[in-house]
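Taking it in order: structure first as structure tokens, then the write-up.
Naming: A, B, ... by sequence-line order, numbering from 1 per chain.
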2 protein chains.
Amino acid sequence: MSELNTDRRIRKTKKVIRDALTDLMEEKGFDGITVRDLTERADINRGTFYLHYRDKYDLLEQSEEEILTRLKKMQLDIKDLDIEDLYEYYLKEEPFPFVVQLFEYIQINGKFMRILMGPKGDPAFPSKLKSFLSGNMMQNLYGKANGNELNIPVDYIIAYVLSAQVGLIQQWLNSGMKESPKEIALIVLNITFMGPLQASGIISLEKIKRKSF
Amino acid sequence: MSELNTDRRIRKTKKVIRDALTDLMEEKGFDGITVRDLTERADINRGTFYLHYRDKYDLLEQSEEEILTRLKKMQLDIKDLDIEDLYEYYLKEEPFPFVVQLFEYIQINGKFMRILMGPKGDPAFPSKLKSFLSGNMMQNLYGKANGNELNIPVDYIIAYVLSAQVGLIQQWLNSGMKESPKEIALIVLNITFMGPLQASGIISLEKIKRKSF
DNA sequence: CAATTAATCAACACTATGTCCATTAATAGA
DNA sequence: TCTATTAATGGACATAGTGTTGATTAATTG
């Protein structure tokens with residue numbers, strides 16, 4: 001409900017504060033920012049800041065929360081995602097719709113998310129993004145991945161995939177979002193399914209097979 | 001040379017400050033820490049801190065730098081690493097020695113690195129670690145990965161692999177370093193070579209082959 | 001147009017910063 | 001063991017940021 005603020009002044013104030021946050025984070029990093037910095041940059045009275053946020057941490061949290069809750073809203077219809085469904089898309093060489101949707105939304109908040117996940121950003125945000133992605137895609141992996149021949153603990157598989165996917169998002173943001181959401185979603189699908197070395201053609205699929213298999 | 005400080009007092013002071021940094025970062029996150037906090041926790045005079053560090057950022061940077069330069073020292077003998085060499089290890093089911101060495105060193109600084117890369121840590125450290133890993137392992141991938149059938153830009157492959165590997169390191173640290181450096185190095189090798197879904201047995205190698213190939 | 005409420009301004013006590021200086025204590029080397 | 005050196009201490013300083021308050025001004029809504 002905090003979105004549907006009726007008073008134009010509040011909307012305007014919150015906007016300039018958040019714009020100031022984005023810019024200043026890029027310049028000096030989040031923990032180099034003071035409330036003074038924010039209000040000077042936003043050209044508002046310092047007291048006004050405290051009318052809306054408890055402190056700079058509250059501002060950051062609210063800004064992140066807004067992004068994550070909107071992401072969660074688009075997630076509802078794919079709760080019972082199966083690896084076989086994904087496989088169908090892989091065969092059709094089509095990106096999975098949810099992932100396209102995800103990148104479309106990321107694109108909207110591109111600048112802020114790029115900074116948030118960058119070296120001057122919030123060290124907690126990648127974890128938050130991972131646990132969002134995890135909620136979507138990882139449930140049924142748990143079951144299927146047990147008892148694999150190499151005995152790699154499932155947690156490592158999950159950590160690998162989540163971290164890699166966040167890395168792809170970061171690379172996309174840092175390189176200026178040149179690919180369309182569809183294109184980048186297809187890249188994600190292919191690398192994830194084939195593995196990085198196979199998808200890039202560095203190693204052929206045949207070479208992977210090992211004597212022991 | 002800053003390591004070989006002859007004066008015992010300096011060594012002692014730096015140690016208690018860095019221990020305080022580690023503990024306080026775990027408790028309240030780096031940017032919640034004040035110099036007062038540090039010196040109270042370390043039980044030294046506040047002025048003493050400024051005898052050794054310019055501010056808390058200097059302390060963090062020196063602490064990270066120490067870890068990274070030591071890492072770089074062990075890296076020298078594997079500069080001309082080839083993907084074929086790695087492939088030999090993969091076939092022999094043996095971890096690559098440098099990676100074992102890497103995890104042995106990480107283990108020594110386990111607690112600090114875990115916190116540094118965690119949600120209360122330094123958002124810049126994962127990038128630093130990536131660029132270290134990149135210096136080692138990525139040069140010759142650039143050449144080989146061009147002109148792959150899927151036309152995935154090489155930067156995405158690299159971002160994927162680096163991010164995934166950092167994710168494995170984090171998972172290892174966060175789960176208490178239960179696997180030996182050899183074991184975790186082998187896990188890294190297998191997942192990287194086969195891809196996560198294949199290594200975990202979720203998808204068979206045969207299924208990956210696609211009509212278009 | 002009137003009632004409401006957001007934004008401003010100035011002031012407050014408080015905490016942290018980084019830098020002094022004089023003094024004390026520990027250390028290394030002769 | 002003694003001495004010169006230098007690290008650590010304790011206290012003080014100006015400066016800057018924090019979060020809150022109360023009185024005042026200005027914008028917004030219905």
Side-chain angles (χ1 to χ4, degrees), chain A residues 1-66 120-123, chain B residues 1-66 120-123:
Chain A
M1 308 300 130
S2 58
E3 323 302 85
L4 328 165
N5 271 316
T6 120
D7 199 319
R8 186 190 307 145
R9 290 170 294 181
I10 294 178
R11 290 196 309 270
K12 193 201 129 228
T13 298
K14 286 197 166 183
K15 182 175 181 343
V16 291
I17 290 177
R18 288 180 186 207
D19 288 349
L21 175 67
T22 307
D23 290 350
L24 287 169
M25 258 173 90
E26 187 163 30
E27 291 171 27
K28 38 164 73 181
F30 178 71
D31 68 344
I33 298 178
T34 66
V35 173
R36 274 196 131 79
D37 289 335
L38 287 165
T39 54
E40 275 170 18
R41 181 66 60 100
D43 195 29
I44 57 169
N45 190 274
R46 195 167 62 87
T48 307
F49 178 91
Y50 293 102
L51 256 33
H52 302 287
Y53 305 103
R54 205 169 42 253
D55 50 33
K56 68 168 182 164
Y57 302 101
D58 186 39
L59 166 64
L60 181 68
E61 198 185 304
Q62 282 192 39
S63 306
E64 290 179 351
E65 207 52 53
E66 209 166 285
K120 308 247 188 97
D122 175 12
Chain B
M1 306 300 132
S2 59
E3 323 302 84
L4 329 165
N5 271 315
T6 117
D7 199 319
R8 187 190 305 144
R9 289 171 294 183
I10 294 178
R11 291 197 308 271
K12 193 202 129 225
T13 298
K14 286 197 167 182
K15 182 175 182 342
V16 291
I17 289 176
R18 288 181 186 205
D19 288 348
L21 174 68
T22 307
D23 289 351
L24 286 168
M25 257 173 88
E26 187 165 30
E27 290 172 26
K28 37 164 72 182
F30 178 71
D31 67 343
I33 297 178
T34 67
V35 174
R36 275 198 128 79
D37 289 335
L38 286 165
T39 54
E40 275 170 17
R41 180 67 59 102
D43 196 29
I44 57 169
N45 191 274
R46 194 166 63 85
T48 308
F49 178 91
Y50 293 102
L51 255 37
H52 302 287
Y53 305 104
R54 206 169 41 254
D55 50 31
K56 68 168 184 164
Y57 302 102
D58 186 39
L59 165 64
L60 181 68
E61 200 185 303
Q62 283 192 37
S63 307
E64 290 180 352
E65 208 51 55
E66 210 166 285
K120 308 248 188 94
D122 175 12

Test item: K120(B) side-chain N/O and G32(B) main-chain N/O as donor-acceptor pair under 3.5 Å: no
Residues in side-chain contact (heavy atoms from CB on, under 4.5 Å) contact with E27(B), at least two apart in sequence or another chain: D23(B), L24(B), R41(B)
When rounded to the nearest 0.5 angstrom, what is the spacing between CD1 in I44(A) and CZ in F49(A)? 8.0 Å
I17(B) and side chain to side chain contact (heavy atoms under 4.5 Å, CB included): which single residue from L59(B), V35(B), T22(B) fits? L59(B)
Would you mind building the protein contact string for nucleotides 24-30 of chain C? One character per nucleotide, 5' to 3', B for base within reach (heavy atoms under 4.0 Å), S for sugar-phosphate only, - for untouched. -BBSS--
Any residue meeting side chain to side chain donor-acceptor pair (under 3.5 Å) with K12(B), in chain and number order, not counting sequence neighbours: none
Is the shortest side-chain heavy-atom distance between K56(B) and L60(B) below 4.5 Å? no
So, is Y50(B) close to the dT19(C) phosphate, meaning a side-chain N or O under 4.0 Å from OP1 or OP2? no
Please identify each residue that fulfils side-chain contact (heavy atoms from CB on, under 4.5 Å) with E26(A), with sequence neighbours left out. K111(A), R114(A), I115(A)
Those residues at least two apart in sequence (or on a different chain) that pass side chain to side chain donor-acceptor pair (under 3.5 Å) with D58(A) are Q62(A)
K28(A): partners by side chain to side chain donor-acceptor pair (under 3.5 Å), with sequence neighbours left out: D37(A)
Using five base pairs at each end to define the local axes, how bent is the helix from dA13(C)-dT18(D) to dA30(C)-dT1(D), to the nearest 10°? 30°
Interface residues of residues 33-41 of chain A with DNA chain D (non-hydrogen, below 4.0 angstrom): T34(A), V35(A), R36(A)
Using the ring centroid of each side chain, check whether F30(A) and F30(B) are separated by less than 6.0 Å. no
Of all nucleotides in DNA chain D with an atom under 4.0 Å from a non-hydrogen atom of chain B, which is the first and which the last going 5' to 3'? dT6(D) to dA12(D)
note: R46(A), atom CZ; dC12(C), atom C1'; distance rounded to Å ~ 11 Å
Residues from residues 18-30 of chain B sitting under 4.0 Å of DNA chain D, heavy atoms only? none
Roughly how far, to the nearest 0.5 Å, is the CG atom of L21(B) from the NZ atom of K14(B)? 13.5 Å
Side chain to side chain donor-acceptor pair (under 3.5 Å): which pairs involve residues 44-54 of chain B, sequence neighbours left out? R18(B)-Y53(B)
Within-4.5 Å side-chain heavy-atom neighbours: V16(A) and D43(A): no
For G121(B) and P123(A), the nearest pair of non-hydrogen atoms, with its separation, is O-CG, 3.4 Å
Applying side chain to side chain donor-acceptor pair (under 3.5 Å), name anything that partners D55(A), two or more places apart in sequence or on another chain. none
